[in-house]
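Note sheet for the following structure.
Per chain, numbering begins at 1; letters A, B, ... match sequence-line order.
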Amino acid sequence: MSDLLANLNPEQLQAVTLPPQHALILAGAGSGKTRVLTTRIAWLVQTGQVDPQGVLAVTFTNKAAKELLARLSGMLPLSFGHSARGMWIGTFHGLCNRLLRAHHRDAGLPQLFQILDSGDQLAAIKRLLKALNVDDEKFPPRELQHFINAQKEAGLRPHAVEAWDDYTRRRVELFAEYEAQCQRESVVDFAELLLRTYELLERNEPIRRHYQRRFRHILVDEFQDTNRLQYRWLKLLADDGREGGACLFCVGDDDQSIYRFRGAEVGNMRDFEREFHVANVIRLEQNYRSHGNILDAANAIIRHNTARLGKNLWTERGAGEPIRVFEAYADMDEARWIMEEIQSLVRDGMSRSDIALLYRSNAQSRVLEHQLFSAGIAYRVYGGLRFFERQEIKHALAYLRLIANPDDDTAFSRVVNFPTRGIGARSLEALQDAARTWNSSLYSTVPHLSGKPGTVLAQFVRLVEDLRRDTARLPLPELVDHVLDASGLRDFYRSEKEGQERLENLDELINAAANFLGESGADVEALAQPHALLADFLAHASLEAGDHQADAGSDAVQLMTVHSSKGLEFDAVFLSGLEEGLFPHENSAVENEGLEEERRLMYVAVTRARERLYLSFAQSRMLHGQTRYNLRSRFLEEIPEGLVKWLSPPSPRSMGARSGAGMRVEPARGGFAPRASQAPARSQDLGGLRVGQLVTHAKFGQGVIVAAEGSGADARVQINFGSAGIKWLMLAVAKLSPA
DNA sequence: GTGACCGGTTTTTTT
DNA sequence: AACCGGTCAC
């Protein structure tokens, strides 16, 4: 016990040992949030305040859930008499899946319902629109998908949606059709997992009471990322003063809320505090990660946001190195500079994997990769396709899904003609029409068809039936193996010229099945029912798409977006592309509170660094095939100059450098640079000025030359003055000086 | 059924 | 620039 609480700082200790009441922990970046969460659980269990089965811990990602469980298992060794066994630890979606499997009847679902990931959902919607003959120009599938998910996240079924115009009325009809289709096919999308569970708990009093009594303590990680429905879900299980229920222990950081665009509702923090009369709000502000200069910069930046719950990070470590800022002439120069700095850090003994290269958008990684690659520096890019999202894996899973549930039309459509077996569009159209008249799934409609479509489709049905029969007694990995062969997938990729990697991935799927089997702790009884286990495996595949990229272990520089860096930390962090329009992103200007979210993103980026932080931007940048001239990011101006060390750009052509002297410049705020309306002229006489250069105008302040035309006395330049607008000025008239 | 071509798009991402 | 999705010709 004393071990458990040793070395906690006073705020952490207070949070960990709070009495059983609702609590909100405002945990700043690097303040030991996970430690508080795990120690709180361990403390509650070890002091006998709660049985392990009375604990429910909710996270957003599988990774976080795994980490929580791993650290908890270390704190609650079996020998102590208590263990993490019996606790429910998982993601919102994983827990909902568990609840819906357990109460599938009450939730109106078959036991072996399957889960659609976003891609499956989109495919299902496209299929629906086609079947209903809906013009997908008027109702773009993606937009409809977004609409449906938004309604579900607001807790609304079609009948409850208020539609004031024809367009929305039609979308609501399609929403209803989509629901009918999902129900018919026994599939459930991500939002549905949450909404179904919510409705189950809300409507079924015995079940709700059961879980309210069972869970005494609910702990929520990354609470600032919860959406409306997740918050309401928590409210149903928690003690709101009427039905008993659990204590909520919510840990989060409003300053790190960066997922508004996918439904996260920071307001949940305030609502929680108010609706649950939270008396215990604890701020964890001591940071154990970064040096002082880095924290001071982060604090200074985030202070520009309004409507914060308020927090200020501090550290006992020293100020450390200044923050290095570099202005490059072009994106390539920026990338080269970063590459050279990395080389120098590595020479000084830093390992590559302790260095991160962050950017606002994925498109920026290309230039950076190019430089690293040509310099022979090992790097690893996060993002991109994940294991269970790969085409070949999706195909294999579709066969497996058909074994578990032949009515899954999404799976059916995906592989009915893959590998090709002469089932063309005509046959499928005939099948779809028939399925509509018989109101049954594609699979079960096949026997009703005659003629050529009937024959070829019957063969496919026979294939699936053979698969089901032949795998009925096989252990899961062998089942998968058999399906890969019998479906023809292996043969297909063997004959593909670039199929080697795909074949390896298919083999990896067998491994994944074996691992799943091992981790599931399936007993003899479960092993005797491979197809039930298969359904579990499929749910696992949908809920956990796998790591972004394997290849870990190697000592490589880490490249990723600022978003994906959340939760990680590195000795050295390079943040590139600090330009208006890029970061803050131009789209954020028109979004409600978009700029504040961008600033939180900046805050997240800065607080990733332990020792060294490098910020850089370029005067010109290739984007979408065109050169853009951007002003430097306002976020740079928000960092106190005393924390910063400006580095001279290598190019003598660059005149924008303010080396050494700190940042005494007029901040050019607001507005974004447009695309250059004209390519930079090579031999124009612009009186020593050039496109891309930063200049100062007596009245408009600082701006970037975006374009030029004419020469000599007729020369005109277009300048982006940020908030003062974009103007064409006669060089002979306007008094411009290099900034 | 496949490959060539055109046109529109292009922030961030988990489940 | 690069990628996706759709269409068209073979």
Mind calculating the distance between [atom1] ([X]) and [atom2] ([N]) to the nearest angstrom?
X: A:D331; N: C:dA1; atom1: CG; atom2: C1'; value: 12 Å
X: A:R628; N: B:dT11; atom1: CZ; atom2: P; value: 11 Å
X: A:R386; N: B:dT13; atom1: CZ; atom2: C1'; value: 8 Å
X: A:E579; N: B:dT11; atom1: CD; atom2: C1'; value: 15 Å
X: A:Y259; N: B:dT11; atom1: OH; atom2: P; value: 16 Å
X: A:E496; N: B:dT2; atom1: CD; atom2: P; value: 9 Å
X: A:R360; N: B:dT11; atom1: CZ; atom2: C1'; value: 5 Å
X: A:L358; N: B:dT13; atom1: CG; atom2: P; value: 12 Å

* **Ring centroid separation A:F583 to A:F617 under 6.0 Å** =>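 No: the rings miss the under 6.0 Å criterion.
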
* Is the A:H563-A:F261 ring centre distance short of 6.0 angstrom? ->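 Yes, close enough.
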
Taking [X] for the side chain and [Y] for the main chain, is one N or O donor matched with an acceptor at less than 3.5 Å?
X: A:E598; Y: A:H585; answer: yes
X: A:N305; Y: A:E596; answer: yes
X: A:N62; Y: A:L543; answer: yes

So what does [X] hit on the nucleic acid, given a heavy-atom distance under 4.0 Å: a base, only sugar-phosphate, or nothing?
X: A:F190; answer: base
X: A:E591; answer: base
X: A:S542; answer: nothing
X: A:D117; answer: nothing
X: A:N417; answer: sugar-phosphate

* Can you check whether any acceptor in the base of B:dT15 is under 3.5 Å from a donor in the side chain of A:T61, or vice versa? =>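 Per atom types, no contact qualifies.
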
* Asked: With rounding to whole Å, what would you report as the distance between C:dG6 and B:dT11 at their C1' atoms?
  ->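 So the two C1' atoms sit 25 Å from each other.
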
* Asked: Taking the P atom of each, how far is B:dT13 from C:dC4, in whole Å?
  ->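 About 16 Å, rounded to a whole number of Å.
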
For [N], does either OP1 or OP2 sit under 4.0 Å from a side-chain N or O belonging to [X]?
X: A:S564; N: B:dT13; result: yes
X: A:N362; N: B:dT12; result: yes
X: A:N62; N: B:dT14; result: no

* Out of B:dT13, C:dA2, B:dG1, whichever nucleotide has its closest atom nearest the side chain of A:R366 ->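 So the nucleotide nearest the side chain must be C:dA2.
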
* **Per A:T91 side chain, nearest of listed nucleotides B:dT15, B:dT2, B:dT12** =>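 That would be B:dT15.
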
* Kindly assign one of parallel, tilted or perpendicular to the pair A:F147 and A:F175, based on the angle between their ring planes and the thresholds 30° and 60°. =>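 Because their plane-to-plane angle is over 60°, the rings of A:F147 and A:F175 count as perpendicular.
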
* To do: Measure from the ring centre of A:H93 to the centre of the six-membered ring in the base of B:dT15, then say whether that distance is under 5.5 Å and the planes meet at under 30°.
  =>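 So A:H93 does not count as stacking on the base.
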
* **Which residue lies more 5' along DNA chain B, comparing A:G422 with A:E544 via nearest heavy atoms** =>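 Here A:G422 is the residue nearer the 5' end.
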
